[in-house]
Amino acid sequence: MTSMSRARVARRIAAGAAYGGGGAGLVGAAAVGLVLAEVRLARRHVGNGSGGRVPVADGVYGHSYDVGGDPPLRLVMLGDSTAAGQGVHRAGQTPGALLASGLAAVAEHPVELWNVALPGAQSDDLDRQVALVLSSQRPAPDVCVIMIGANDVTHRMPFTRSVRYLSAAVRRLRTAGAEVVVGTCPDLGTIEPVQQPLRWLARRASRQLAAAQTIGVVEQGGRTVSLGDLLGPEFAANPRELFGPDNFHPSAEGYATAAMAVLPTVCAALGLWPTEEERPDVMRREGFLPVARAAAEAASEAGTEVTAAMPTGPRGPWALLKRRRRRRVPEAEPVTPST
């Protein structure tokens, strides 16, 4: 599917999400039997992304920067098993811990992490997660990172519903004063047990959802980072290193790779990234595009950021597409548990 075709599909999905439309199926009836057989085979290997213990990483990171007595920055993780960190054994290997540690190093300030993500969650669980965050006695978060979408694809949730739930979550968090960064749906075609034609269909569906998610998030004032096939090249070369024992969730190295892609956008959302890097770099193919086209291009290239720019244009809202330089995430230190 071309970038322009993906942009048109993403616009239709996002419009359906905004105005209450339904979701069309992605697979023709003639292919359903073969696809379902492939799905059953893949699920026996990957377990559908649910179950298993998740390390608890909540707490305060960056103790060495606590010199003025100011409250720590507050980072909240929401979403599914990828946001929770399923697949690793130590808290410091989870994406939340890696992002909190990296953010503390950039800000030179302590960061408090709270992870409310739930393994196996689909986008309809975001309403509960956001309510938990906003109804707690804790101060409102400074930044929220959401990773969601894989289970929506595997459970065949209509993409209009998926985007509607995500957009509502971003809107509520932004209204509460939090910056929001969304890691869009990863490319399920990179999972080792998935065979053709399901691999191609999974990749196509993942990118369609990621592009539509981007439109919905940007329209609500959030930023997105495409996870896509971020692990694809590394996985092809060394799948045992980048994916965990279940061949579905990332390993510690895989989560570190994802955190390196998301951290610059989290820092930029909080105004912590160098000013000179905020200007579009034409040599890196960065610039202003209609939001649907930016979303489609981001879905095709992992690690690409999309954020709102001009509110209107000849073809609707515009967005800024950036390919930020990834920053090595420092190893997460032991944490002080939250009180």
Side-chain angles (χ1 to χ4, degrees), residues 13 17 23-27 35-36 38-54 77-88 94-96 115-132 144-170 182-194 198-199 201-214 216-217 224-231 235 243-250 254-255 258 262 299 302:
I13 295 171
L26 289 167
V27 183
V35 169
L36 289 180
E38 292 281 359
V39 169
R40 285 193 292 270
L41 178 62
R43 281 179 176 172
R44 283 202 294 270
H45 289 282
V46 304
N48 214 23
S50 61
R53 175 185 171 275
V54 178
M77 299 289 297
L78 306 93
D80 56 22
S81 55
T82 304
Q86 187 171 346
V88 295
T94 63
N115 198 326
V116 299
L118 178 68
Q122 300 175 56
S123 291
D124 55 2
D125 191 57
L126 289 176
D127 181 66
R128 180 194 63 81
Q129 295 181 28
V130 171
L132 178 62
C144 296
V145 174
I146 304 174
M147 296 179 177
I148 200 79
N151 294 316
D152 295 6
V153 174
T154 59
H155 288 78
R156 296 194 295 178
M157 175 183 286
F159 287 175
T160 50
R161 287 182 56 205
S162 177
V163 173
R164 190 179 306 136
Y165 289 127
L166 177 58
S167 299
V170 174
V182 175
T184 55
C185 182
D187 182 357
L188 298 180
T190 63
I191 299 171
E192 188 181 43
V194 177
L198 183 58
R199 182 183 294 272
L201 293 167
R203 173 168 286 116
R204 180 170 180 258
S206 301
R207 291 184 176 182
Q208 284 182 349
L209 178 56
Q213 286 177 319
T214 296
V217 169
T224 63
V225 178
S226 58
L227 298 183
D229 59 350
L230 188 66
L231 306 180
F235 174 60
F243 276 70
D246 61 2
N247 294 327
F248 186 93
H249 296 96
Y255 279 129
V262 174

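Note that the structure is a prediction, hence the values are computed from the model and not measured.
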Min side-chain heavy-atom separation Asp80-Pro119 under 4.5 Å: no

Could you check whether any side-chain heavy atom of Thr184 comes within less than 4.5 Å of a side-chain heavy atom of Leu209, counting everything from C-beta outward? no

Going from CD1 on Ile146 to OG1 on Thr224, what distance comes out if it is rounded to the nearest 0.5 angstrom? 11.5 Å

Give the minimum heavy-atom separation between Leu227 and Ala302, together with the two atoms involved. O-CB, 3.3 Å

CZ-OG distance between Arg161 and Ser123, expressed to the nearest 0.5 angstrom: 9.5 Å

Between Gln122 (side chain only) and Gly149 (backbone N and O only), is there a donor and an acceptor less than 3.5 Å apart? no

Less than 4.5 Å apart, any side-chain heavy atom of Phe159 and any of Val153? yes

Any donor-acceptor pair under 3.5 Å linking the side chain of Ser162 with the backbone of Pro158? no

Beyond-backbone contact of Val217 with Leu166, side-chain heavy atoms, under 4.5 angstrom: yes

As an exercise, state the distance from CD1 of Ile148 to CG of Leu78, rounded to the nearest 0.5 Å. 9.0 Å

Taking the side chain as C-beta and beyond, is there a heavy-atom pair between Thr82 and Pro95 under 4.5 Å? no

Strictly distance-based, threshold 3.5 Å: is any side-chain N or O of Asn115 a donor or acceptor partner for the main-chain N or O of Ala83? yes

Considering non-hydrogen atoms only, spot the tightest contact between Ala121 and Gly79 and give its length. CB-O, 3.6 Å

Look up atom CG in Leu126 and atom OH in Tyr165, then write down how far apart they are to the nearest 0.5 Å. 10.5 Å

Would you indicate whether the side-chain heavy atoms of Val88 and Tyr255 approach each other to under 4.5 Å? yes

Can you confirm whether Gln213 sits close enough to Cys185 that some side-chain heavy atom of one is under 4.5 Å from a side-chain heavy atom of the other? yes

Taking all atoms of both residues into account, what is the closest heavy-atom pair of Gly216 and Ser167, and its distance? CA-OG, 3.4 Å

Could you tell me if the side chain of Arg128 sits less than 4.5 Å from the side chain of Leu118, heavy atoms only? yes

